[in-house]
Amino acid sequence: MLSFTSTGTELRRFRRGLLPRLAVGAMVLVPLLYGALYLWAFWDPTGNLDRLPVALVDADEGSTLGDEPLHAGAQVTDELLDSDDLDWRVTDADAAAAGVADGTYYFAVTIPSDFSADIASAGGDDPTDARIEVTYNDANSFLASTLGRTAMAQVQSAVSTSIGEQAVDRVLVGLGSARDGFATAADGALTLRAASGDLSSGAHQVADGAVSAADGASRLADGSQTLAAGTDSLAGGATQLASGAATLSDGAGQAATGAASLADGAGRLAQGAQDAVTSTVPLVDGAKAVSDGVDELAASTRTSAAASQTLTAAIKTLQESLTAVAQQNVADGDMATAGGIQQALTALGTTAEGLDLPTAAEQQAALARLAPLEQGAHDLSAGASDLHAGLGTLAGKAGELASGASQVADGTQQVSAGASQLAAGAGTLAGGATQLQSGSHDLADGAAELAGGTSTLAQGAGQVADGTDQVGDGAQQLADGLEDGASQIPDDSDATRTDRAEVLAAPVALDSSDVARAEGFGEGFAPFFIPLALFVGALITWLLLRPVPTRALGTPVAGWRTAAAGFLPALAIGVAQVAVMLGVIHWGVGLQLDTAVGTIGFTVLVAATFLALQQMLMAVLGPAAGKVAVLALLMLQLASSGGTYPVETTPAFFRAIHPLLPMSYAVTGLRQTITGGADGRLWLSVAVLGAVLVGSLAITSWRAGRLRTWTLSRLHPALSI
Amino acid sequence: MTTPHDHPQRAAGAPRRHRTTPPSPTTAPTPAPGPAPAPAATATAVDATPAGAPGADHATTVLAVHAEQLRLHGRRGVVYGPVDLEVPTGTLAVVQGPQGGGRSSLLLTLAGRMVPDEGSRLTVLGEPLPRRRTAVQRRAALAGFAGIDDLDESVTVGDVVRERLAWLSPWYRRTPRVDQRTFARLAGPVFGERPLPRTGTLVWDLDEVDAMLLRVTLATAQHPDLLVVDDVDQVHDSRRRQTVWTRLEALAAAGTTVVASVASLDEVARMQWATLPQQITLATGPHAVPAA
């Protein structure tokens with residue numbers, strides 16, 4: 001054994017004598033008292049509630065459900081007695097009240113008189129909650145009341161489920177009938193829908209017909225309007241016709257008269273014309289003779305003109321030929337001949353001029369003046385012939401005229417008579433046309449009214465048609481709604497209905513799963529009681545062992561070795577405490593460990609940490625103040641470690657110091673090693689506890705070095721515990 | 001006891017680290033500084049009367065303890081002092097004082113285990129105190145102090161010795177069980193001719209003298225240059241106490257300066273000595289009794 005691990009005589013001094021040995025036993029067993037004993041006592045309180053005496057009073061008077069009698073109180077009572085959840089004692093109301101008051105029963109459960117009636121009321125007109133009355137008395141035991149409330153919550157749930165099933169079943173039967181009714185109603189609505197469809201089509205036809213009628217009436221009105229205008233024109237025309245016919249009659253009379261006069265005149269004209277013809281024959285012959293004489297004159301004139309012309313030309317040619325011979329004679333020297341010729345010539349010229357022959361122009365002009373005379377003579381001849389022929393024709397025609405005029409006279413006589421009749425007829429026509437006019441106006445007015453009325457009819461018929469459509473839609477919606485409603489009401493077989501009643505009576509069930517599961521109260525509290533026991537065990541250990549061995553302080557040994565000399569014997573005790581306590585808790589009380597090695601190792605770490613922490617406190621503060629501090633720390637840790645209630649439910653002070661105190665980590669770590677589900681929290685706990693352990697030992701070591709120098713107060717302590 | 005014991009096992013003893021001077025009687029009495037003691041905290045009467053050796057060489061004497069105006073105040077008043085003190089190396093000094101007179105505190109102060117008042121001048125083994133406390137703690141050993149080196153009674157002598165040897169050896173070295181030979185080697189110089197208890201003997205079976213000598217043995221296991229022994233009176237019988245004094249004288253003669261305390265004011269006078277030890281009488285407080 002290395003020197004620094006020597007526990008010296010610290011433990012050996014307990015070897016001899018009864019009391020020292022008992023002291024060691026006490027050190028080792030005290031944690032057992034705290035840990036195992038507590039744990040044992042609280043191991044399974046909820047599992048033993050069947051030993052808790054509770055009064056059960058059934059005051060139910062029963063009722064009827066439908067036609068069957070209902071005794072729900074008795075039913076519930078039987079169920080409770082069968083369940084054995086609590087130690088039910090069936091009794092009457094007075095005994096129960098007295099028993100709860102004096103503590104015979106922890107609490108009393110009463111099924112009131114109207115319990116069955118209330119349950120039966122679920123399907124009735126005035127549904128009322130059925131109630132179970134519980135009377136607690138916390139003076140008997142607050143925790144018993146608390147456990148009772150928990151148990152009663154379960155009873156309530158169970159009873160509600162069982163009783164509720166019956167009630168809901170009744171409701172479901174009613175719902176089934178309702179479903180049938182809905183189905184019938186849906187059928188009716190469908191029929192209504194079909195009928196309204198027919199109605200709608202008829203109304204539409206009416207509407208269409210009314211629209212056509214309106215169109216016809218409208219056209220009728222237009223036509224009658226035109227008719228009225230036509231009769232207006234007719235009436236006007238007939239009046240004019242009447243007056244025109246009268247005028248015609250007058251004119252025709254006058255024409256007849258004129259025509260007779262004309263016939264006379266024409267007879268006389270014909271006679272006169274015959275006379276003229278006879279008188280013109282000599283005229284025609286004379287005109288013929290004039291014309292012939294003029295023609296002969298004209299011809300002779302023209303022959304004389306031509307002979308003058310030839311003479312002139314011949315003179316001219318002779319003069320020239322003489323001239324030419326004269327000139328030749330001159331040239332030949334015969335002047336005398338030439339002189340002779342020349343005198344001939346001059347005599348010729350004076351002869352020619354003495355002739356005075358007309359010139360060509362004067363001849364031409366005379367001819368021209370002769371031409372119209374010639375023409376006139378011809379025309380006179382022709383005219384006289386024509387006059388003769390015309391007069392013959394005139395005579396013939398005038399005869400014809402006379403006979404025609406006679407016929408005209410006869411005709412106009414007849415026309416006059418007809419026109420007179422026409423005038424009378426036209427007057428009658430004008431009167432009828434006027435009557436026709438007023439009638440056609442009445443017709444036009446009536447037709448207009450008819451058109452307005454049929455239009456209104458068409459509108460109304462359209463609205464009726466729309467309305468019947470809406471009726472059809474509404475009837476369809478009603479049918480659909482009824483069908484939906486019917487389909488939403490479950491159509492259950494009896495078995496299904498029972499199942500449904502079960503679900504409705506207890507609609508929510510809890511399905512929980514556990515990451516890590518503690519067996520019960522005991523396992524739940526073990527992680528709290530074990531560190532608590534070890535802390536107390538450490539305190540007991542340091543009551544008997546010296547946190548800082550004074551004999552070591554009397555030597556020059558280093559501080560850390562002094563600390564070790566104090567710590568190691570205590571650690572040996574601590575390990576023994578852990579071994580005994582865990583052994584008893586496991587084999588004796590029955591705690592199952594998720595990981596035995598982990599739990600043992602962690603528990604040893606907890607024990608070592610608590611020992612070192614307390615050693616440090618006592619080394620720093622001295623034995624007296626140190627122990628007080630340890631007790632104070634114990635109380636703080638008890639309250640803040642979260643071992644009983646979750647630390648979040650505690651006041652802010654405890655929540656604040658929770659993470660500062662090592663027992664919090666001891667509890668957390670043990671939960672994970674005992675119950676399982678180890679995660680980072682375990683390693684955090686190990687780290688924190690290890691840090692506290694090492695830190696405490698370091699402080700103790702430093703302090704032990706300082707303690708080698710005494711002070712007066714330490715040599716003669718004013719207070720020692 | 002008229003003759004000092006032999007030291008047959010001295011040769012077997014471990015060599016002293018500071019065996020500087022042979023034992024020689026001191027001849028340096030230190031008279032009280034003031035003629036009249038102060039009323040409240042009575043001054044010290046220090047009177048050492050060397051019996052044998054005539055004061056030969058003051059100058060060559062090496063002082064193990066040199067104190068001037070050494071005093072200590074507690075909350076409840078003066079604990080001891082002022083004390084002027086010179087203890088030569090290798091001598092025995094006896095501190096006499098009544099219960100509560102500050103003897104333990106003075107001895108702890110000399111051993112570097114307690115800090116005196118400001119203004120005290122103290123040199124122990126050449127080291128100024130309280131500054132060099134650690135060095136002095138290593139070279140000065142304690143024995144007989146109630147509440148410090150008490151022995152657990154239900155353990156064996158061997159266990160007690162083994163515990164001390166374990167503390168004194170390096171931490172990595174094994175400390176074997178103490179057998180009788182080892183014990184004899186350690187305890188021989190302390191017990192002298194007195195028969196050694198067996199290592200298996202329980203402490204509560206030991207005679208008062210043997211228990212006291214065992215505590216001294218444990219103290220000398222660290223080979224101190226200064227040994228302070230408190231409350232020699234815990235050996236109640238005066239004849240037995242004589243044995244203790246003789247053994248302390250022998251230890252001093254072997255080179256370890258010894259300062260021991262006793263309640264009886266006339267202890268030095270009543271005991272027999274090879275050489276008369278230096279007496280330091282402490283009287284403090286209202287019950288102060290002047291030196292005899």
Side-chain angles (χ1 to χ4, degrees), chain A residues 1-24 544-546 548-569 622-623 701-702 704-720, chain B residues 72-76 79 100 102 104-105 108-109 111-115 130 133-143 145-156 158-177 202-204 215 218-219 221-222 224:
Chain A
M1 181 188 291
L2 300 182
S3 291
F4 91 98
T5 61
S6 164
T7 56
T9 64
E10 192 68 15
L11 291 176
R12 293 173 196 276
R13 64 194 169 108
F14 294 102
R15 275 187 185 172
R16 293 175 180 81
L18 178 62
L19 207 56
R21 289 175 187 168
L22 286 180
V24 173
L544 293 169
L545 299 185
R546 302 182 187 95
V548 185
T550 46
R551 263 203 310 282
L553 293 177
T555 69
V557 65
W560 72 270
R561 290 186 62 183
T562 308
F567 179 72
L568 291 174
S701 300
W702 164 80
R706 300 289 301 258
L707 287 178
R708 283 204 307 272
T709 303
W710 269 260
T711 62
L712 213 58
S713 60
R714 201 147 66 79
L715 195 60
H716 300 293
L719 184 70
S720 61
Chain B
L72 179 63
H73 274 81
R75 211 171 302 163
R76 289 176 291 187
V79 180
S104 301
S105 298
L108 285 174
T109 305
R113 256 85 174 187
M114 198 173 262
V115 178
R133 281 207 301 288
T134 312
V136 172
Q137 283 170 5
R138 247 180 239 122
R139 296 171 60 190
L142 311 177
F145 285 83
I148 296 180
D149 70 328
D150 294 313
L151 297 178
D152 296 317
E153 300 219 312
S154 57
V155 295
T156 64
D159 286 335
V160 170
V161 174
R162 189 187 182 193
E163 174 191 78
R164 183 63 61 105
L165 290 179
W167 286 341
L168 294 176
S169 58
W171 66 269
Y172 48 83
R173 191 161 294 164
R174 289 170 49 83
T175 306
R177 184 175 291 277
L202 291 174
V203 170
W204 69 41
R215 289 167 82 172
L218 295 177
Q222 76 180 81

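Everything numeric here is computed off the predicted structure, so don't read it as measured data. In what follows, chains carry the letters A, B, and so on, assigned in the order in which the sequence lines appear, proteins first and then strands, with residues in each chain numbered from 1.
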Just give me the residue among [options] that pairs up with chain A most often, heavy atom to heavy atom, under 4.5 Å.
options                                : result
B:Val203, B:Val115, B:Thr156, B:Leu202 : B:Leu202
B:Leu165, B:Asp152, B:Leu168           : B:Asp152
B:Ala221, B:Ser105, B:Ser169, B:Gly147 : B:Ser169

* Distance in Å, A:Thr550 OG1 paired with B:Asp150 CG, rounded so as to fall on 0.5 Å steps -> 6.5 Å
Atom of [X], atom of [Y] and distance for their closest heavy-atom approach:
X        : Y        : answer
A:Arg551 : B:Asp149 : CG-CA, 3.7 Å
B:Ser104 : A:Leu715 : CB-CD2, 4.3 Å
A:Thr555 : B:Trp167 : CG2-CE3, 4.3 Å

Proximity breakdown for [X] and chain A, heavy-atom pairs closer than 4.5 Å:
X        : result
B:Pro170 : backbone
B:Leu108 : side chain
B:Thr134 : side chain
B:Leu72  : side chain

Which bit of [X] comes within less than 4.5 Å of chain B, counting heavy atoms only: side chain, backbone, both or neither?
X        : answer
A:Thr711 : backbone
A:Arg708 : both
A:Leu712 : both

* Asked: Looking at A:Arg16, A:Arg714, A:Arg561, which has the largest count of heavy-atom pairs under 4.5 Å with chain B?
  -> A:Arg561
* Could I get the full list of salt bridge (Lys or Arg N to Asp or Glu O under 4.0 Å) partners for B:Arg113, not counting sequence neighbours? => none
* To do: Run the salt-bridge test on B:Glu163 and A:Arg12 with the 4.0 Å N-O cut-off and return the result as yes or no.
  => no
* Could you go step by step and tell me if B:Asp159 and A:Arg13 meet the salt bridge (Lys or Arg N to Asp or Glu O under 4.0 Å) rule? -> CA-CA 10 Å; B:Asp159 286 335; A:Arg13 64 194 169 108; over 6 Å; no
